[in-house]
Number of protein chains: 2
Amino acid sequence: MSKQIQRPATPAKKPKARSRVPSEATLNRRKRLMETKRSAIMEAALDVFSRYGLHGTSLDQVASQADVSKTNLLYYFASKEDLYINVLRQLMDVWLSPLKSFSVEQDPAEAIGDYVRVKLELSRDHPAESRLFCLEVIQGAPLLLGELQGSLRDIVESKVSVINAWIEAGKLAPVEPHHLIFSLWAMTQHYADFRTQVEAVSGRTLEDPAFFAETLTNLKALVLQGVCPRS
Amino acid sequence: MSKQIQRPATPAKKPKARSRVPSEATLNRRKRLMETKRSAIMEAALDVFSRYGLHGTSLDQVASQADVSKTNLLYYFASKEDLYINVLRQLMDVWLSPLKSFSVEQDPAEAIGDYVRVKLELSRDHPAESRLFCLEVIQGAPLLLGELQGSLRDIVESKVSVINAWIEAGKLAPVEPHHLIFSLWAMTQHYADFRTQVEAVSGRTLEDPAFFAETLTNLKALVLQGVCPRS
DNA sequence: GTCTATAATATGATAGAC
DNA sequence: GTCTATCATATTATAGAC
């Protein structure tokens, strides 16, 4: 019954050792390849999730866009939700950082102008992140609510103080800081989330450098000067 | 084989007539009831679709929220997509109207201020419409693209002319009208679509009359005056 | 017009060979 | 690690009684 007896009694020492005990270099290479694949899957997932949402997206869609099989995808991520959560978590890093930069020492007009530029660049270069964040918040942010009420709120409050300090110093018109921040977010993210509408109406997108420049100039002018002519 | 011969030869004239031939009043009542039910289903559908999207929503969800059975729902609407399309179509009527109002004769500051107010009222009173429109556009507006490129674009172009006329008359600072319109949309719709975030960060919503008033004042000030102090 | 099955399908997830 | 079945389930939609 057993076929072990057929095997030569002398154990092969040298030739087989390589395949049984991979070198450290091989292990590292494998690890790198796995990381690359994980990233590819997450990138594809971000793109599809950001259009159709968690439920509107099938694993087959993500898998085919990432050029892996569905089963293989499920080797890298325990479940669809697990994949979604990983994508969201990575997204938040990109999302929370730009606001951190502005501080009391800066010139308010310059700080706000820079912020508009950075956020508009995000809309141009990371539209999927913008859309996915939007989708998640529209649903009531089931997975991000904690972070919105925690980290985000904290950052916003600290910037509210900065803006209030500017106002008290007479460097800024008395606008309630929360609304200013909401408006900056809204105006800039609009060009990513409503890209289809912007393109349908104006025929242009942020990928067109001239349109990007024009948009940036106009948003800055709007926020800083408003539409009423200065005397 | 035929049972007709079993029937009494004398046809019942008066007593049975009522149940066989419903009066016109009865028919109207039925029609009204059906219309009411259709509306209830569409209202429920709008609410659920606007959170979870077409694919994220199940007919069971809609049916239970509308207090009808799923089978009954499918008596009123041929399919889930049919229901979705009906909801979208009705939505667009609400959505396209406010922009139509402003014209060259008006004072620009007043016209723009009024528009902000009306749009903010929409965000407060019809948040589901705002969310569903957002979801649809994020996906690339598969069902609305025609309308965006057609009716919407036409209306926008006519308003672009109005704004340009104001600028030429020196009544408005030289802002590119498309960007002004996009910004007005973005700033006002933000309070509906990102309500969760607004509430998480500020602890308030448009349903609070004080917050609504504060928001309106600040958005108007922002668009009309900007944040740089006037000398 | 409303109900109770039930068909038909899509899709998330697992088992087990290699 | 990656593949080929395959299971399990959710959900759209229909058939047919009442």
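Just so it is clear, the model here is predicted, and its values are computed rather than measured. Note on naming: letters A, B, ... go to the chains in the order of the sequence lines (proteins, then strands), and numbering restarts at 1 for each one.
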**OP:** Using whole Å, report how far CG of Leu59(A) lies from C1' of dA10(C).
**Re:** 12 Å
**OP:** Answer yes or no on whether Lys159(A) is positioned over the face of Trp185(A), meaning its NZ or CZ is under 6.0 Å from the six-membered ring centre and within 45° of the axis.
**Re:** no
Original post:
Roughly how many Å is it from NZ in Lys70(B) to P in dA10(D), rounded to a whole number?
Top reply: 12 Å
**OP:** Kindly say if Tyr75(B) contacts the phosphate of dT2(C), meaning a side-chain N or O under 4.0 Å from OP1 or OP2.
**Re:** no
**OP:** Assess the side chains of Ser23(B) and Thr26(B): does a donor N or O sit below 3.5 Å from an acceptor N or O?
**Re:** yes
Subject >> Modelled atom types, side-chain donor and acceptor of Tyr84(A) and Glu136(A), under 3.5 Å >> reply: yes
Original post:
Can you check whether Lys37(B) has a side-chain N or O nearer than 4.0 Å to OP1 or OP2 of dT2(C)?
Top reply: yes
**OP:** To the nearest Å, give me how far apart CG (Leu33(A)) and C1' (dT2(D)) are.
**Re:** 14 Å
Original post:
Are Glu121(A) and Arg117(A) close enough for a salt bridge, meaning some N to O gap below 4.0 Å?
Top reply: yes
Original post:
What nucleic acid atoms does Leu74(B) come within less than 4.0 Å of, heavy atoms only: base, sugar-phosphate, or nothing?
Top reply: base
Original post:
Picking from dT11(C), dT12(D), dG1(C), which would you name as closest to the side chain of Lys80(B)?
Top reply: dT12(D)
**OP:** Can you tell me the distance, in whole Å, between the CG atom of Asp67(A) and the P atom of dT2(D)?
**Re:** 13 Å
Subject >> Residue-phosphate contact under 4.0 Å: Ser69(A) side-chain N/O, dC3(D) OP1/OP2 >> reply: yes
**OP:** Tell me which nucleotide among dT4(C), dA13(D), dT2(C) gets nearest to the side chain of Thr71(B).
**Re:** dT4(C)
Original post:
For Tyr76(A) and dT2(D), is the shortest distance between a side-chain N/O and OP1 or OP2 below 4.0 Å?
Top reply: yes
